[in-house]
Amino acid sequence: MLQRLRGSMRWPAAATRCLSSGSVDIKVPLNFWAGKRQTSPDECKKESVYEPATGRVLCLLDPCGAAEVDQAVSAALSAFGHWRKMSGMERARIMIEAAHIIERRREEIAEMEVVNNGKSITEARLDVDSGRLCIEYYAALASTLAGQHVQLPGGSFAYTRREPLGVCVGIGAWNYPFQIAAWKSAPALACGNSMVFKPSPVTPVTAVMLAEIYGEAGAPDGLFNVVQGGQETGSLLCHHPDVAKVSFTGSVPTGKKIMEMASKGVKPVTLELGGKSPLIVFQDGDLQNAVSGALMANFLSQGQVCSNGTRVFVHKDILPEFVEEVVKRTRAIEIGDPLLESTRMGALVNHTHLEKVLSFVDQAKKEGATVLCGGEAFVPSDPKLRGGFYMTPCVLGDCTDAMTCVKEEIFGPVMSVLSFETEEEVLLRANDTTMGLAAGVFTRDVKRAHRVVEHLKAGSCFINNYNITPVEVPFGGFKMSGIGRENGQVTVEYYSQLKTVFVEMGDVDSLF
């Protein structure tokens, strides 16, 4: 993603820092429907949202109940009636304007993403860029949506119409709050749908900024709505009779529940779920590039990325050299205040998740893995950051396929390094998982690269790179890593439906 976005972005000479860690208190309402932020009843039970960098309470969340969900869906249904009748060009103009506003407010959105999520400001800017590019991409596709004409005997014919679904629900994850809101809303709106979006209750802030941006760009009130809450709110959305589709990003267990709930209304779902992806480094691969790929495959967003290649299979002939270099570069990763330009690893999303990731490292040691570096809680020197949720990035050696750290998704900055000898062997081991979101291979042998990718059971595969997600290309998984795709032209199929129309130009040829 870094190379892709740097090639398409007009970079400012210098960013002006407006926020600093520990200085933000959010008091404004975070629910948004019918074109404005909505306050909740006083009796609503509020939930604390934390700033990962400091551990402070950032704001209080008002979860939506049945009444609020009804209001948001009703607003979306009303907007849908108007939006669906607009031409693709008319929809595109509004979406392009939204993209322009995002570009102007890039730094503001990125800073708020850092405050709420804990990732570095460098990564947050790129996430905002990805969201903007996605909206631009689907704006360009909006005017190209078309059906097909089929000539039939006797001058009769048939044609198809590509029509919107209606009110779509998007349910986001906490690792890419703004980007996921854009990735789900852009194709939905381009196809003529409206959306009710539920962010993770851990990171509720920036999706509301996107809702305001759509409104400022000229979208009808109610086109993109944000309801806050956890499992109960999500359940209300999935079961709502006026909801036509659900798109979810998150864990496999939650994805199964979403699918079950949506099935009661026979609603289509898009599920982008977890992964335990393999990264294979052959002996003829460029070592420095392979190490860079392994770092990108494990430590972006503090390792909290579903597509991460956390099982790094390295050919035995280059294992010592690879391990030496990957450990050296991992130790050099600067951890600290995520709003500083020099920081490359910020804070994990909350204390509970930090403890969970650290417990995986402890379990790995008990099962015989060697901690080559990191894997410990980290306390920054800055006093205001000492309550934050930091850890040192970890590389585990002497790993085997049976270890918990190799079999289960950790969702943190923990790389497991394994050795292999033959191509056939490593393919069997790489595919030995119930998930199949992503996979990667580093080799100079072009034939081998394509041969290996053909046999990898994963939806998104990388050759001599990792974790790049251009919006023009579909992203999604095989097996238990999900259903459907996000991004690329194919996603239009998941946010629209085909109507077939038969036109008889003669008389009815009746059998009766």
Side-chain angles (χ1 to χ4, degrees), residues 1-2 5 9 11-12 15-26 28 30 32 49-59 61 98-99 101-135 170 172-186 197-214 224 226 228 249-250 299-306 336-350 353 385 388-390 467 469 471:
M1 183 184 290
L2 295 175
L5 290 177
M9 183 63 201
W11 294 86
T16 302
R17 177 70 58 248
C18 296
L19 302 182
S20 61
S21 294
S23 67
V24 180
D25 292 295
I26 297 174
V28 293
L30 296 176
F32 185 103
V49 177
Y50 296 90
E51 179 183 15
T54 64
R56 298 169 58 248
V57 173
L58 177 65
C59 60
L61 185 72
I101 296 169
I102 291 170
E103 188 169 12
R104 291 196 297 270
R105 296 179 61 184
R106 178 185 189 237
E107 197 67 15
E108 175 195 354
I109 299 166
E111 287 182 355
M112 194 58 73
E113 192 85 323
V114 171
V115 168
N116 196 192
N117 170 271
K119 67 176 62 185
S120 73
I121 184 64
T122 302
E123 287 192 41
R125 291 188 187 115
L126 296 173
D127 294 351
V128 175
D129 293 342
S130 177
R132 172 184 60 80
L133 287 171
C134 187
I135 293 170
W174 47 254
N175 54 344
Y176 288 91
F178 186 85
Q179 178 181 290
I180 290 174
W183 278 20
K184 293 190 185 302
S185 62
F197 185 80
K198 189 192 83 64
S200 164
V202 178
T203 52
V205 178
T206 51
V208 194
M209 299 174 75
L210 179 60
E212 291 181 322
I213 287 168
Y214 278 132
F224 182 77
V226 178
Q228 305 288 353
T249 297
F299 300 140
L300 279 177
S301 295
Q302 299 75 253
Q304 301 165 141
V305 182
C306 52
D337 189 337
L339 280 170
L340 296 182
E341 299 292 341
S342 60
T343 297
R344 285 298 171 266
M345 183 169 289
L348 275 70
V349 75
N350 58 34
H353 188 63
L385 305 178
F389 315 125
Y390 302 90
N467 265 345
T469 52
V471 298

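Numbers for residues simply follow the sequence, beginning at 1. In this text the structure is predicted, and so the values were computed from the model without any measurement.
- Partners of Arg344 under the side chain to side chain contact (heavy atoms under 4.5 Å, CB included) rule, at least two apart in sequence or in another chain, are Thr122, Ile333.
- Going from atom NZ of Lys119 over to atom CD of Gln302 covers 7.5 Å, rounded to the nearest 0.5 Å.
- Contact between Ala207 and Ala181 at its shortest, heavy atoms only, is CB-CB, 4.3 Å.
- Separating the CE atom in Met209 from the CD1 atom in Ile101 is a distance of 12.0 Å, to the nearest 0.5 Å.
- By the side chain to side chain contact (heavy atoms under 4.5 Å, CB included) test, Ala211 is found to be paired with Phe32, Phe224, Val226, residues two or more places apart in sequence or in another chain being considered.
- When all heavy atoms are compared, the tightest approach of Leu300 to Val305 is O-CG2, 3.4 Å.
- In this structure the side chain of Phe389 never reaches within 4.5 angstrom of the side chain of His353, judged on heavy atoms.
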After noting the C-alpha distance and the side-chain angles of Asp25 and Arg56, does the key distance pass the side chain to side chain contact (heavy atoms under 4.5 Å, CB included) rule? CA-CA 9 Å; Asp25 292 295; Arg56 298 169 58 248; 2.7 Å; yes
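- Annotation: the span from Leu58 atom CG to Ile26 atom CD1 amounts to 4.0 Å, rounded to 0.5 Å.
- A search for ring pair (Phe, Tyr, Trp, His ring centres under 6.0 Å) contacts involving Tyr390 returns nothing, not counting sequence neighbours.
- Across Gly336 and Thr343, no two heavy atoms sit closer than the pair O-CG2, 3.6 Å.
- Closest of all the heavy-atom pairs between Ala182 and Cys134 is O-SG, 4.1 Å.
- In terms of the salt bridge (charged side-chain N to carboxylate O under 4.0 Å, His left out) criterion, Lys198 has no residue partners (sequence neighbours excluded).
- Scored by the side chain to side chain contact (heavy atoms under 4.5 Å, CB included) test, Ala98 finds Ile213, Tyr214, Ala217 as partners (sequence neighbours excluded).
- For Ser120, there are no side-chain hydrogen bond (donor to acceptor under 3.5 Å, both in side chains) partners at least two apart in sequence or on another chain.
- The backbone N or O of Leu19 lies less than 3.5 Å from no partner atom in the side chain of Ser23, so there is not a single donor-acceptor pair.
- Under the rule for a side-chain hydrogen bond (donor to acceptor under 3.5 Å, both in side chains), the partners of Asp337 that lie at least two apart in sequence or sit in another chain are Ser21.
- For Glu113, there are no salt bridge (charged side-chain N to carboxylate O under 4.0 Å, His left out) partners at least two apart in sequence or on another chain.
- For the atom pair CG of Leu210 and CD1 of Ile180, the computed distance is 12.5 Å after rounding to the nearest 0.5 Å.
- Asn116 CG to Glu111 CD: the interatomic distance, rounded to the nearest 0.5 Å, is 13.5 Å.
- Residues Val205 and Met112 share a closest heavy-atom pair of CG1-CG, 3.3 Å.
- Every side-chain hydrogen bond (donor to acceptor under 3.5 Å, both in side chains) that Thr54 has, sequence neighbours left out, goes to Glu51.
- Heavy atoms only, all atoms of each residue included: Phe178 and Ile102 are closest at CZ-CD1, 3.9 Å.
- Each salt bridge (Lys or Arg N to Asp or Glu O under 4.0 Å) pair with one or both residues in residues 199-213, not counting sequence neighbours, appears once here: Arg37-Glu212.
- Atom OH of Tyr176 sits about 12.0 Å away from atom OG1 of Thr249, to the nearest 0.5 Å.
- One N or O on the side chain of Glu123 and one on the backbone of Ser301 form a donor-acceptor pair closer than 3.5 Å.
- Side chain of Asn117 to backbone of Val349: no donor-acceptor contact under 3.5 angstrom is found.
- Judged by distance alone, with hydrogens and angles left aside, the side-chain atoms of Gln228 form a donor-acceptor pair with the main-chain N or O of Leu30 at under 3.5 Å.
- Looking only at distances, a side-chain donor or acceptor of Asn175 sits under 3.5 Å from a matching main-chain atom of Gln304.
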